[in-house]
Amino acid sequence: MNHVRFLHYQPYLYGEAVGATERGIGADKTHNKRWRSKLGKPSFQDNASRGWHSLMLVHTEVYPKCGIFGFSHFRRESHLLSGKATWNLSGFPASGLSQNFRVPRSRYTKMSLQVIEKMENELAFKGNQDLPLSSSYEAAMEALSSLITRQKRGDRTPVGGKFGKLERMSVYLRILGLEEKIAGLKIIHVAGTKGKGSTCAFCEAILRECGFRTGLFTSPHLIDVRERFRLDGLDVSEDKFLLYFWDCWSQLKENVSEDLPMPPLFQFLTILAFKMFISEQVDVAIIEVGLGGKNDSTNVIREPVVCGITPLGMDHTETLGDTLGQIASHKAGIFKPQIPAFTVPQLSEAMNVLEETAGGLMVPLQVAVPLDIQRWGGETLSLSGDHQLVNAGLAVSLCKCWLQRAGNWEKLLKKKQDEEAAGSELPPAFVRGLSTARLSGRAQIVHDTPLMLSGSAETSENSGELTFYLDGAHSPESMEACAKWFSGAAKASKTLSSLSSPPSTSFNVHNNKSFCGNGCVNYGKDHVKSSNKMSKQILLFNCMDVRDPQILLPRLVNICGSSGTHFSKALFVPSMSTYNKVTSGTSVITSGIPTTRDLSWQYTLQRIWEKIIHGKDASLDKSSKTDSVDSLPPHKFLYEDVSHCSPADRNFTCSAVMPSLPLTIKWLRDCVKENPSLRLQVLVTGSLHLVGDVLKLLRR
């Protein structure tokens with residue numbers, strides 16, 4: 001098994017032992033309904049638990065306009081043995097706060113955590129036993145795959161039935177008894193073209209660090225579908241996923257008719273997210289829009305606490321329209337009457353539409369200022385890239401507004417509101433959240449270290465280095481951000497050979513470091529060994545055929561080139577994952593060349609690349625196919641001079657089409673093992689599917 005060191009940060013969990021056990025399945029079920037089944041077997045219809053350690057927040061019908069304001073510092077102290085949680089607030093009197101922050105004692109608080117866990121496991125086991133379908137995880141993946149109604153993106157095959165999309169969603173929710181309960185969720189709803197996932201991840205980490213039980217729903221997943229659902233900062237467990245999955249699946253299957261088919265994949269996953277968050281009694285649910293906003297499946301949310309719109313750009317034009325104004329109109333569709341909303345600086349065409357829509361609904365819309373990283377303690381964001389400062393600024397505004405509206409925090413904020421907002425520091429919990437949020441596949445660096453490459457403890461002097469820079473950029477705007485990030489990160493790492501920390505652990509970002517921009521780390525001398533290795537930047541690329549590589553690739557090359565970063569080679573490779581199948585992290589991966597494959601798209605990408613490099617069309621045979629392992633380029637290909645490239649003679653020294661992704665990863669590893677003086681910096685981009693496939697292979 002290959003072990004790989006992933007350089008992103010794990011969340012610091014407050015009281016996770018309490019949250020993971022006492023809030024789960026088997027807790028006091030105040031809303032539990034009868035067990036029923038048409039087949040005579042019980043099925044767990046609703047497992048809403050009480051959530052013993054959630055904060056009792058006073059509800060108020062008066063919601064002031066949310067502003068960008070400061071906080072008094074606060075912290076939470078968890079008492080795991082007594083089952084209590086208290087808050088200490090500096091600068092405010094203790095009187096009058098107990099009713100807001102006292103955690104109720106439960107009749108189960110004297111039970112040991114082991115007993116509670118046993119109850120959970122027994123209930124989960126019985127529930128899975130009695131369900132009409134197999135509870136195995138792979139069976140669930142097969143069931144999910146059956147919900148994919150479109151063979152590729154852009155396919156508008158109708159779902160069927162007599163209901164419209166959102167009307168159909170409401171029917172599904174009524175069947176599951178969830179429609180009215182969604183109103184009880186305190187939701188942050190986020191739409192946008194780019195940065196949605198990052199903004200949501202920042203929000204989740206901030207509010208979790210503030211002591212709240214969090215639920216996060218994002219898309220897409222990279223390796224395993226459970227990545228889309230997080231409870232308290234962690235992907236939902238396999239057991240919990242299966243329990244809620246088969247519960248929803250069986251009830252919806254029982255009600256299928258000609259007028260009401262099973263929901264398509266994303267609708268089902270959205271329903272599943274609502275089911276989980278309601279049953280798990282989360283304090284806050286952060287919901288990322290899937291596509292657009294106005295007609296998105298998540299837009300059954302009628303009264304969120306606050307809405308956010310991340311940077312807008314040209315993407316999904318086949319569905320949302322081919323102008324920025326049309327796209328903005330779809331995104332603004334999540335605005336609800338008089339519910340506060342925040343956005344980031346936008347182009348005027350988009351901002352005009354957002355403001356017009358907000359005005360019609362009496363929505364107080366404000367523009368969040370990008371985070372100034374120099375003004376909050378010298379930390380860096382856990383998500384790299386200067387573009388993340390915009391997302392972090394939006395997340396800070398959303399979280400402050402959520403705390404004000406959902407938590408009745410006015411009196412706690414009064415003192416800080418009197419101070420100059422520009423000079424106020426972020427609370428420690430906000431800083432911790434921003435510095436520990438995680439989101440795979442976005443500006444992520446993975447070191448494939450010599451120890452993993454060789455299977456032995458040989459040192460870096462005896463082997464080359466292989467580092468993957470992964471970013472799922474697939475729109476012109478996100479590709480620009482990706483290029484800037486990669487250029488900065490590649491330059492910073494040229495001074496590094498290896499880190500002194502063990503390969504199996506993430507490095508400590510708080511020690512011996514300085515920063516140039518967000519995410520470019522300069523390590524202290526104790527963490528760096530001198531190196532004379534030869535660095536080469538390699539592009540590993542693929543994109544969906546609905547994208548325009550004639551825009552994406554030139555933008556990547558030009559921005560990297562303007563920063564002095566030039567790709568030695570470009571490798572074009574097909575993804576492993578397919579649009580019409582949901583797989584898990586343990587699904588079988590074929591290591592060889594597929595018997596049936598079509599590489600015509602990869603040859604098209606190569607043709608575009610060669611034109612960028614040489615300024616003229618390359619003479620490529622469109623019908624070219626690779627039929628054997630021998631079609632992999634020799635290792636010497638890495639060192640061939642670009643000046644020797646002659647596309648007219650089919651002598652390519654700038655690029656290559658690779659027959660499969662597993663073979664490409666093996667080829668890169670072999671090249672590095674063969675040459676100890678080589679450092680390969682591989683940018684993987686163009687598709688989140690490709691990034692997910694690479695991560696899956698590296699983790700194997």
Engineer: Quick check against the 3.5 Å criterion: does Ser687 have a side-chain atom that pairs as donor or acceptor with the backbone of His689?
Structural biologist: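 Answer holds: yes.
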Engineer: Answer yes or no: is there a side-chain heavy-atom contact under 4.5 Å between Leu552 and Thr685?
Structural biologist: no
Engineer: Going by distance alone, is a donor N or O of one side chain under 3.5 Å from an acceptor N or O of the other, for Ser575 and Asn542?
Structural biologist: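 Asn542 and Ser575 do have a side-chain donor-acceptor pair below 3.5 Å.
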Engineer: Under the side chain to side chain contact (heavy atoms under 4.5 Å, CB included) criterion, do Leu434 and Phe202 qualify, and how do the steps go?
Structural biologist: CA-CA 6 Å; Leu434 292 170; Phe202 281 132; 3.6 Å; yes
Engineer: Are the side chains of Phe486 and Ile559 in touch, meaning some heavy atoms are under 4.5 Å apart?
Structural biologist: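 Contact flag for Phe486/Ile559 side chains = no.
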Engineer: So, does Gln444 use its side chain to make a donor-acceptor pair with the main chain of Gly441 at under 3.5 Å?
Structural biologist: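 A pair under 3.5 Å: yes.
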Engineer: Side-chain donor-acceptor pair under 3.5 Å between Gln681 and Ser535, yes or no?
Structural biologist: no
Engineer: Strictly below 4.0 Å, N to O, side chains only: are Lys194 and Glu477 in salt-bridge contact?
Structural biologist: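 The answer is no: the pair does not qualify as a salt bridge.
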Engineer: Does any part of the side chain of Ile223, heavy atoms only, come nearer than 4.5 Å to the side chain of Ser440, both counted from C-beta?
Structural biologist: no
Engineer: Return yes if some donor-acceptor pair links the side-chain N/O of Asp296 with the main-chain N/O of Leu291 below 3.5 Å, else return no.
Structural biologist: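 Between the backbone of Leu291 and the side chain of Asp296 there is a qualifying donor-acceptor contact (under 3.5 Å).
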Engineer: Between Glu227 (side chain) and Leu222 (backbone), is there a donor-acceptor pair under 3.5 Å?
Structural biologist: yes
Engineer: Going by atom types alone, do Glu288 and Ser219 pair a side-chain donor with an acceptor below 3.5 Å?
Structural biologist: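 Ser219 and Glu288 do not have a side-chain donor-acceptor pair below 3.5 Å.
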Engineer: Determine whether a donor-acceptor pair (N or O, by modelled atom type, separation under 3.5 Å) exists between the side chain of Asp315 and the backbone of Ser475.
Structural biologist: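 A pair under 3.5 Å: no.
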Engineer: Ser198 pairs by side chain to side chain donor-acceptor pair (under 3.5 Å) with which of Arg442, His387, Gln388?
Structural biologist: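 Testing Ser198 for a side chain to side chain donor-acceptor pair (under 3.5 Å) against Arg442, His387, Gln388 leaves exactly one candidate, Gln388.
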Engineer: Near Lys484 NZ, under 6.0 Å, is it more than 12 heavy atoms from other residues, nucleotides or ligands?
Structural biologist: no
Engineer: Taking the side chain as everything from C-beta on, heavy atoms only, tell me whether Trp609 gets closer than 4.5 Å to Leu539.
Structural biologist: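 Touching, per the 4.5 Å side-chain cut-off.
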Engineer: If only atom types and distance count, is the side chain of Asp448 paired as donor or acceptor with the main-chain N or O of Thr467 below 3.5 Å?
Structural biologist: no
Engineer: Within the structure provided, determine whether Leu381 and Leu389 are in side-chain contact (heavy-atom separation under 4.5 Å).
Structural biologist: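 Heavy-atom side-chain distance check passes, below 4.5 Å.
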Engineer: Quick check, are the ring centers of Phe541 and Phe567 under 6.0 angstrom apart?
Structural biologist: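 Ring-ring flag for Phe541/Phe567: false, centres at least 6.0 Å apart.
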Engineer: Is Trp601 reaching over with its side chain to a backbone N or O of Cys543, donor-acceptor style, under 3.5 angstrom?
Structural biologist: yes
Engineer: Is there a side chain to side chain contact (heavy atoms under 4.5 Å, CB included) between Ile538 and Leu638? Walk through the geometry before answering.
Structural biologist: CA-CA 9 Å; Ile538 308 295; Leu638 275 178; 3.8 Å; yes
Engineer: For Lys331 and Thr310, which I'm curious about, is there any donor-acceptor pair between the side chains at under 3.5 Å?
Structural biologist: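 No.
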Engineer: Ignoring hydrogens and geometry, is there a side-chain-to-backbone donor-acceptor pair from Ser487 to Ser563 under 3.5 Å?
Structural biologist: no
Engineer: So for atom NZ, which belongs to Lys536, do other residues, nucleotides or ligands contribute more than 12 heavy atoms lying within a distance under 6.0 Å?
Structural biologist: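 More than 12 within 6.0 Å, yes.
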Engineer: Is it true that a side-chain atom of Ser478 and a backbone atom of His474 form a donor plus acceptor pair closer than 3.5 Å?
Structural biologist: yes
Engineer: Side-chain contact test, heavy atoms from C-beta onward, threshold under 4.5 Å: evaluate it for Leu540 versus Phe572 and give yes or no.
Structural biologist: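 No. Closest side-chain heavy atoms not under 4.5 Å.
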Engineer: Would a distance-only check, ignoring hydrogens and angles, find a side-chain to backbone donor-acceptor pair under 3.5 Å from Lys196 to Gly192?
Structural biologist: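 It does hold such a pair.
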